[in-house]
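Have a look at the structure below, then the notes.
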Amino acid sequence: MSEASDMQFDYIVVGAGSAGCVLANRLSADPNNRVAILEAGGKDNWIWFHIPVGYLFAIGNPRADWMFKTEPVPGLNGRALNYPRGKVIGGSSAINAMIYIRGQRQDYDGWRQLGLEGWGWDDVKPLMMGHQDHHLGKSEHHGAGGEWRVDKPRLRWDILDAFIEAAAESGIPKVRDFNTGSNEGVSYFEVNQKGGRRWSSARGFLKPVLHRKNLTLITGAEAERVLFENGRATGVRFRQNGEARTITARREIVISSGAVATPKLLQLSGIGPGALLQQMDIEVVRDLPGVGENLQDHLQIRPIYKVSGVKTLNTQYQSLFNRALMGLEYAVRRTGPLTMAPSQLGAFTRSSPHYETPNLQFHIQPLSLDKFGDSMHAFNAFTASVCNLRPESRGSIRIASPDLATPPAIQPNYLSADADKQVAIDSIRLVRRILDAPSLKRYQPEEFKPGAHLKSDDELVTAAGDVATTIFHPVGTAKMGADGDMMAVTDARLRVRGVEGLRVADASVMPRITSGNTNTPTIMIAEKAAKMILEDGRR
């Protein structure tokens, strides 16, 4: 931990996750700005933060994961889900799928149409290109030389190649690039890796600049509340090694703790739904009913198919000899299964012709297990995970106690909207059509879950509730909105409404979820936030 004897700074960034690392980098680029970044977790000094397949060991491990759980979800037939969030510098980018996806042009143009000027596709695409280091170099859609490394995958599987062909036979076109503004098609994902190692936000943006004398990283520092004087945010009280400490800001405090922890900190600080705060005996600093509401997440339905005549990771991993060979291949060549993202192959398509742009994303995996953290099945199988990219269901994250140590109540309300139920039904039927295509038929796929005998709409909705789980993309719980939006927590410049000196910059500000993996859009939000903060600081 880098310490400063004077605990007063110009800017305080709360959370060294995907967004916070970018903010710390950009705000401290001017040596006249003293910047502190608080991280409740620790440093990334564990091997499984860096070997890509390490997500298997990080998710569900209290060293790496905050181990949140949802409330029982009615749409999931009363099941409660594990809700992983990264507990380390780099945040969830240190344990996530490493998949580089920007979303669709229409996502951002839709934000602009909500009255959020400066957030359209043509506004944000240059930001995403500017910090990118793409393996093919600079082009119309990609940048080179930036901090955010994007590589091609370093292995292939016959079963995944067959899925590409089957998808094409089913009307999903083959594409080379998911990140041009339209992501329709099927292809291998590009990943945030370099040389076969995970490339987290900490590795790309934070660690290279920790030598700056004007930047202080404080780890093991869980923010307890934001402090205010005369309606202005002036400091942060946090706990470190069981002791309460205070840090103050001359200019601004930026909360970048993520879509779960950010609303929790705001509510503990007296910013949120007034009735909830009064119920918890917390003084109301600002009654903002949108704090913790508008939770959106991508729910993945995970059909599993047994296959014959083709290898998958399930059976390869059973052999100690094969595991040793995998380790040797990684050590010598930085290739092979240890470089695997959780999903290697993707596809974007429509669940029905009623959708103007793809509303489904597939994450295809050459393995199967009942849930993350469990052992892989002992038979050859693959998972054809499919998620609804633009769910209408909305959930909430609310503090359950004024005590910092008490986890928040997370209720995603998956499948509460009728439209989402219909998309789930159509998704399972689409998977079955693809599996019937000639290129996969030769492997004799057998539906292990949810089960080919389930056919009616009611049966398929129930089945979706049984096998679906989060794909770890919570957003929207401190959304930005135009004037007049009573549920908006921030304005378009990410300033918390009704409070001076306080912004939010992470996935929680998304008014609507993007159509794909959310980490790269979160990096972009931080990039744009830093520009706005520095612009406002010069006025």
Side-chain angles (χ1 to χ4, degrees), residues 46-61 64-65 84 86 90 92-101 135 149-164 178 186-200 203 300 302 304-305 307 310-347 361-385 469 471-472 516-517 519-520:
W46 186 37
I47 190 172
W48 295 119
F49 288 135
H50 305 289
I51 297 177
V53 80
Y55 72 91
L56 287 171
F57 308 102
I59 291 176
N61 186 320
D65 181 358
S92 294
S93 75
I95 66 171
N96 72 353
M98 297 164 282
I99 294 171
Y100 183 85
I101 293 290
H135 65 97
R149 177 67 183 180
V150 180
D151 255 349
K152 62 182 179 180
R154 300 170 73 87
L155 79 166
R156 53 165 293 279
W157 295 84
D158 288 342
I159 189 66
L160 300 188
D161 292 345
F163 191 94
I164 292 176
F178 287 138
V186 59
S187 183
Y188 279 91
F189 287 122
E190 293 182 317
V191 290
N192 292 120
Q193 294 181 15
K194 186 172 184 178
R197 287 169 61 86
R198 176 187 287 272
W199 195 260
S200 71
R203 189 177 176 198
Q300 60 171 333
R302 302 182 67 250
I304 294 171
Y305 285 81
V307 288
V310 65
K311 292 180 179 179
T312 69
L313 189 61
N314 283 13
T315 53
Q316 285 196 335
Y317 191 76
Q318 303 298 323
S319 164
L320 291 176
F321 179 73
N322 282 343
R323 281 189 236 176
L325 287 180
M326 292 176 196
L328 181 62
E329 179 181 2
Y330 184 79
V332 174
R333 301 176 59 190
R334 290 288 189 268
T335 59
L338 269 66
T339 69
M340 282 174 54
S343 303
Q344 295 80 57
L345 184 71
Q361 180 180 4
F362 284 85
H363 292 78
I364 313 300
Q365 304 149 5
L367 56 86
S368 66
L369 37 74
D370 289 331
K371 65 178 183 296
F372 286 102
D374 286 2
S375 298
M376 286 179 278
H377 296 132
F379 46 80
N380 278 316
F382 76 99
T383 304
S385 169
T469 187
I471 206 164
F472 320 127
N517 306 73
N519 196 51
T520 287

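All values below were derived from every heavy atom in this structure, side-chain atoms included, with hydrogens, water molecules and symmetry-related copies excluded.
- Considering only residues two or more places apart in sequence or on other chains, Ala64 meets the side-chain contact (heavy atoms from CB on, under 4.5 Å) condition with Trp46, Phe49, Ala58, Ile95.
- Residues passing the side chain to side chain donor-acceptor pair (under 3.5 Å) test with Gln361 are His363, Asn517, sequence neighbours excluded.
- Remark: Arg197 pairs with no residue by the salt bridge (Lys or Arg N to Asp or Glu O under 4.0 Å) rule, at least two apart or across chains.
- Side-chain atoms of Gln193 do not come within 3.5 Å of backbone N or O of Pro52 as any donor-acceptor pair.
- Taking the side-chain contact (heavy atoms from CB on, under 4.5 Å) definition, one finds that Lys152 meets it with His135, sequence neighbours left out.
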I'd like to know whether Leu313 forms a side-chain contact (heavy atoms from CB on, under 4.5 Å) with Met340, so could you lay out the CA-CA distance, the side-chain angles of the two residues, the decisive distance to 0.1 Å, and finally the verdict. CA-CA 10 Å; Leu313 189 61; Met340 282 174 54; 3.9 Å; yes
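- Nearest heavy-atom pair across Ala341 and Ala97 is CB-O, 3.1 Å.
- Residues passing the ring-ring contact (aromatic ring centres under 6.0 Å, His included) test with Tyr55, sequence neighbours excluded: none.
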Decide yes or no on side-chain contact (heavy atoms from CB on, under 4.5 Å) for Ile364 and Thr383, but give the supporting numbers first. CA-CA 6 Å; Ile364 313 300; Thr383 304; over 6 Å; no
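- Side-chain contact between His377 and Ile304 is present, with heavy atoms from C-beta onward closer than 4.5 Å.
- Two residues are said to be in side-chain contact when any heavy atoms from C-beta on lie closer than 4.5 Å; Ile101 and Phe189 meet this criterion.
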side-chain contact (heavy atoms from CB on, under 4.5 Å) for Ile164 and Tyr188? Distances and angles first, verdict last. CA-CA 9 Å; Ile164 292 176; Tyr188 279 91; 3.8 Å; yes
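- Taking every heavy atom of both residues into account, Asp151 and Lys194 meet most closely at OD2-CA, 3.3 Å.
- Distance check, rounded to the nearest 0.5 Å: OG of Ser343 to CE of Met98 gives 10.0 Å.
- Between Gln365 and Ser385 the shortest heavy-atom distance is NE2-CB, 4.4 Å.
- Distance check: Thr520 OG1 to Ile99 CD1 gives 10.5 Å after rounding to the nearest 0.5 Å.
- From Gln344, atom CD reaches atom CD1 of Ile159 across 12.5 Å, with rounding to the nearest 0.5 Å.
- Scanning both residues, Pro366 and Phe382, for their nearest heavy atoms gives CA-CB, 4.1 Å.
- Contacts of Asp65 classified as side-chain contact (heavy atoms from CB on, under 4.5 Å), with partners at least two apart in sequence or in another chain: Ile59, Met67, Pro84.
- Applying the side chain to side chain donor-acceptor pair (under 3.5 Å) rule to Arg198 yields the partners Asn96; only residues at least two apart in sequence or on another chain are considered.
- With sequence neighbours left out, the ring-ring contact (aromatic ring centres under 6.0 Å, His included) criterion links Tyr330 to no other residue.
- In this structure, CG in Leu155 is found 8.0 Å from CD in Glu329, a value given to the nearest 0.5 Å.
- Between Leu367 and Thr312 there is no side-chain heavy-atom pair separated by less than 4.5 Å.
- Residues satisfying the ring-ring contact (aromatic ring centres under 6.0 Å, His included) test with Tyr305, not counting sequence neighbours, are none.
- Of all heavy-atom pairs spanning Phe178 and Val186, the tightest one is CZ-C, 4.1 Å.
- Take His50 and apply the ring-ring contact (aromatic ring centres under 6.0 Å, His included) test, not counting sequence neighbours, and it matches no residue.
- Contacts classified as side-chain hydrogen bond (donor to acceptor under 3.5 Å, both in side chains) and involving residues 314-323 (residues at least two apart or in different chains) are given here: Asn314-Ser368, Thr315-Asn380.
- Applying the salt bridge (Lys or Arg N to Asp or Glu O under 4.0 Å) test to Arg156 and every residue at least two apart in sequence or in another chain returns Asp158, Asp161.
- Here the closest heavy-atom approach between residue Asn192 and residue Arg149 is recorded as ND2-O, 2.9 Å.
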